[in-house]
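Since the model is a prediction, treat every value here as computed from it, not as a measurement. Below, chain A is the first sequence line, B the second, and so on; all start at residue 1.
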Amino acid sequence: MLPHKQIESKLQAAVREIIPDADVSAILVRPCDPKFGDYQSNALMSLAKARKLNPRQLATDVLAKLDLANICEKVEIAGAGFLNFRLKNSLLVQTLEAAARGEHLFFSKAATPKTIVVDFSSPNVAKPMHVGHIRSTGIGDALQRTLRLLGHRIISDNHIGDWGTQFGKLLLGWKQILNRAELERDAIAELERLYKIINAECDANPARLEEAKSELVKLQAGDAENISIWKEMIRLSQVQFDTIYSRLGVKFDHALGESFYNPWLGEVVNDLLAKNIARESEGAVGVFSDGSVPPKEDAFLVNRDGEWIADPALVRKSDGGFNYTTTDLATIDYRLKTWLPDEIVYVVDDRQSGHFKKLFLIFGRWKKDEAKKTKLIHVGFGKIMGDDGKPFKTRSGDTVKLGELLDEAVERAYQTVCEKSADLPEAQRREIARVIGLGAVKYADLLPNRQSDYIFSWDKMLALQGNTAPYLVYAYARIKSIFRKSEGGNLKPEIKLAAAEELTLAKHLLNFGITLEAVAEEYRPNYLCNYLFELAEKFSSFYENCPVLKAEDQATKNSRLALCDLTARVLKRGLETLGIETVEQM
RNA sequence: GCGCUCGUAGCUCAGUUGGAUAGAGCACCUGCCUUCUAAGCAGGUUGUCGCGCGUUCGAUUCGCGCCGGGCGCACCA
């Protein structure tokens with residue numbers, strides 16, 4: 001058991017002795033400012049407050065029952081009732097040596113593994129993946145990797161947009177203005193061209209819109225020609241998706257698109273109607289307020305000029321077509337029946353928070369018992385803005401295509417590799433540029449808190465200095481360079497810590513697991529970014545001040561080599577968890 | 001109008017049950033490559049945490065009000 005878990009567990013036991021009925025699940029310890037110690041707990045102050053006790057007295061009482069022999073130095077009560085813990089050097093060394101022997105890597109698997117469906121990326125058929133997709137794809141992938149690492153059973157599912165009204169227009173375009181040669185050359189660009197032209201025509205001309213609708217109706221009715229064209233569009237899009245995902249190293253267990261759920265949509269609506277959850281209104285079918293909460297908190301009401309009016313979620317349009325709420329309900333139902341998950345996590349733009357709020361409420365009304373067993377979670381994220389504060393576009397007003405962004409990143413990285421490492425063979429420089437360029441883009445997107453909008457900047461996203469992926473990979477490559485020069489020999493799992501930089505680095509290694517748990521708990525990969533950046537910083541400082549291969553004696557050299565190796569392993573594993581590769585040399 | 005969300009250093013952003021003297025990167029200045037990769041290290045400068053009130057031993061964090069930005073508000077997803 002990792003030291004902080006031991007402290008926590010002993011602390012909880014001590015609290016239980018003083019206050020037998022206390023809920024000790026919130027009694028936690030956290031890494032803290034080194035001037036106070038290695039770990040801190042402020043939990044006793046909250047507990048004292050809730051029970052109207054004197055916090056310092058409570059801390060004193062708990063401390064009297066707290067036996068941390070062999071774990072910590074003398075525990076101190078500070079301030080209003082903080083407990084400050086300083087690890088015994090012997091335990092720190094033991095923990096590192098166990099890691100050096102391969103017994104752990106500073107994290108432990110979840111005590112109760114959960115089954116979690118992670119729904120992310122969800123690109124649309126016949127449209128190019130653009131810069132916005134980096135968010136859902138990168139965050140979703142980092143989360144599935146983190147949860148898997150912690151021992152959960154993950155089912156990742158790409159809910160591809162392969163159905164919907166846009167296909168009416170696409171079919172019309174395909175039949176009337178398709179350029180076969182262009183389709184061969186760049187299928188997605190050609191499909192996008194078709195859509196833009198027909199869409200503009202439909203806006204201007206109602207007759208054109210009717211034509212498109214009629215193509216859609218034929219598709220929905222199973223018309224053989226339209227089905228065949230539709231399938232071809234999906235196939236062409238899938239080629240694009242596969243190319244991008246392969247470059248990004250993103251894998252899904254399933255890619256059940258919206259169309260997969262078509263067979264059940266009618267049943268869903270009928271069932272909702274039969275159970276009086278939905279009702280007809282103006283020819284459509286929708287789910288309305290059930291009056292169970294005050295209007296202000298009611299997701300199905302909206303205030304217009306002082307009056308509360310219905311804001312339903314439609315599940316069937318007046319023309320008989322279905323809405324995405326219907327598809328999403330069928331999807332939840334399918335996932336629950338198929339995988340029995342404890343959670344379903346949706347990594348989707350925050351602008352859809354209203355949709356998910358309603359969706360989850362409707363599902364709760366529709367399938368009460370199943371809904372109780374499964375947590376439905378919307379992990380939202382902010383928009384990517386241009387430097388004018390508006391949604392990010394290229395100078396010509398187009399969205400930035402993801403493939404082109406990745407190309408640019410790799411190209412910029414290549415320029416730098418050629419400057420810094422001109423002596424490496426070209427193939428190796430290309431490979432380094434690929435890893436660094438893609439890593440820079442992913443890391444720049446994962447670093448900000450996912451909820452905030454951020455301003456896109458080529459220079460920032462492709463930056464190779466500062467708090468970036470290249471900095472982290474560079475730290476890794478420097479360690480690997482040491483080992484290339486260490487002339488073999490087996491690593492000895494014997495650690496001794498003397499220099500301040502060694503201690504700082506060693507203690508930071510121990511916090512890898514806490515960080516992973518925080519990422520999983522709040523679905524925030526940026527915690528891991530910051531942890532790894534700090535690790536690289538602490539390593540760099542160690543590297544400057546503590547010679548490894550030229551250490552003063554053999555024992556120190558062995559110990560430092562072991563520290564280097566552990567740092568490299570955590571960096572590699574951590575970056576891998578963010579979906580970022582490493583190189584041995586750069 | 002109503003709801004959601006955001007407002008932290010010159011710029012871009014962090015800030016983990018409310019917690020100790022609010023941090024990082026970029027930019028700017030000063031040092032450091034005849035010792036393991038200078039994509040680096042060491043140090044320096046920068047704040048009414050939008051404003052006000054409240055809860056609390058303690059508020060960037062919670063509540064209320066105001067100001068300012070963004071998003072959403074029935075047959076697109």
Side-chain angles (χ1 to χ4, degrees), chain A residues 25-28 30-33 35-36 40 42-43 45-46 49 55 78-82 122 124 161 163-166 258 281-286 295-297 299 301-308 310-314 316-319 321 323-325 327-328 350-355 357 380 382-383 385 389-390 416-417 419-421 436 447-449 451-455 457 459-460 463-468 470-471 473-475 477-479 481-486 514-515 517-519 521-522 524 526-527 529-530 533-534 537 540-541 543-545 547-550 564 585-586:
Chain A
S25 64
I27 308 287
L28 303 172
R30 291 284 171 250
C32 69
D33 192 315
K35 70 183 170 233
F36 297 123
Q40 156 275 126
N42 54 39
M45 289 184 283
S46 330
K49 181 167 210 164
F82 292 92
S122 314
N124 287 315
W163 196 252
T165 48
Q166 74 271 26
E258 293 169 1
S281 170
E282 298 171 32
V285 176
K296 205 178 163 181
E297 295 160 30
L301 293 178
V302 65
N303 191 303
R304 281 273 161 69
D305 302 321
E307 209 174 324
W308 291 102
D311 183 29
L314 297 190
R316 195 171 73 201
K317 298 187 275 184
S318 51
D319 68 2
N323 305 70
Y324 78 144
T325 297
T327 312
D328 283 354
D350 255 335
R351 280 174 288 195
Q352 294 199 36
S353 60
H355 163 67
K357 190 173 181 189
K383 298 180 296 297
M385 318 291 278
K390 293 178 185 159
T416 306
V417 177
E419 274 170 41
K420 307 274 182 185
S421 311
I436 297 300
L447 184 59
N449 179 328
Q451 286 175 316
S452 45
D453 295 342
Y454 72 83
I455 297 191
S457 135
D459 288 338
K460 192 179 172 195
L464 307 175
Q465 276 89 32
N467 188 353
T468 62
Y471 176 77
V473 177
Y474 179 68
R478 283 170 127 187
I479 298 174
S481 175
I482 292 175
F483 282 99
R484 274 196 300 279
K485 292 181 177 168
S486 74
I514 296 180
T515 307
E517 285 165 15
V519 172
E521 181 70 26
E522 296 184 44
R524 289 185 196 281
N526 64 309
Y527 292 160
C529 295
N530 283 313
F533 175 64
E534 284 167 19
E537 274 189 316
S540 297
S541 184
Y543 181 91
E544 296 285 335
N545 293 291
V548 178
L549 298 177
K550 292 178 180 163
C564 284
Q585 195 177 354
M586 64 187 271

Quiz item: How long is the gap from CD on E522(A) to CD on E517(A), to the nearest 0.5 Å?
Solution: 12.5 Å
Self-check item: Under 5.5 Å and under 30°: Y474(A) stacked on A39(B)
Solution: no
Exercise. Quickly work out the I482(A) CD1 to U35(B) P distance and round it to whole Å.
Key: 15 Å
Quiz item: Tell me: CG of D350(A) to P of G72(B), nearest whole Å?
Solution: 12 Å
Quiz item: Taking CD from E534(A) and P from U16(B), how many angstroms apart are they, rounded to a whole number?
Solution: 13 Å
Practice problem: May I ask you to evaluate whether T325(A) reaches the phosphate of A74(B), defined as a side-chain N or O under 4.0 Å from OP1 or OP2? | Solution: no
Practice problem: Indicate, with yes or no, if the rings of F533(A) and Y471(A) have centres closer together than 6.0 Å. | Solution: yes
Quiz item: Given atom CG of D328(A) and atom C1' of C76(B), what is their separation to the nearest angstrom?
Solution: 13 Å
Quiz item: Looking just at side-chain N and O atoms, do D350(A) and Q352(A) make a donor-acceptor pair shorter than 3.5 Å?
Solution: no
Quiz item: Looking for any heavy atom pair under 4.0 Å, which part of the strands does E282(A) touch: base, sugar-phosphate only, or nothing?
Solution: base
Practice problem: Send over the distance from N449(A) CG to U5(B) C1', rounded to a whole Å. | Solution: 12 Å
Quiz item: Base, sugar-phosphate, or nothing for N526(A), non-hydrogen atoms under 4.0 angstrom?
Solution: sugar-phosphate
Self-check item: Phosphate contact (G15(B) OP1 or OP2) by R524(A) side-chain N/O below 4.0 Å
Solution: no
Practice problem: Look at S541(A) and A42(B) and indicate whether a side-chain polar atom (N or O) is within less than 4.0 Å of OP1 or OP2. | Solution: yes
Quiz item: Does C33(B) fall in syn (glycosidic angle within 90° of 0) or anti?
Solution: syn
Quiz item: Has K550(A) got a side-chain N or O lying under 4.0 Å from the OP1 or OP2 atom of C36(B)?
Solution: no
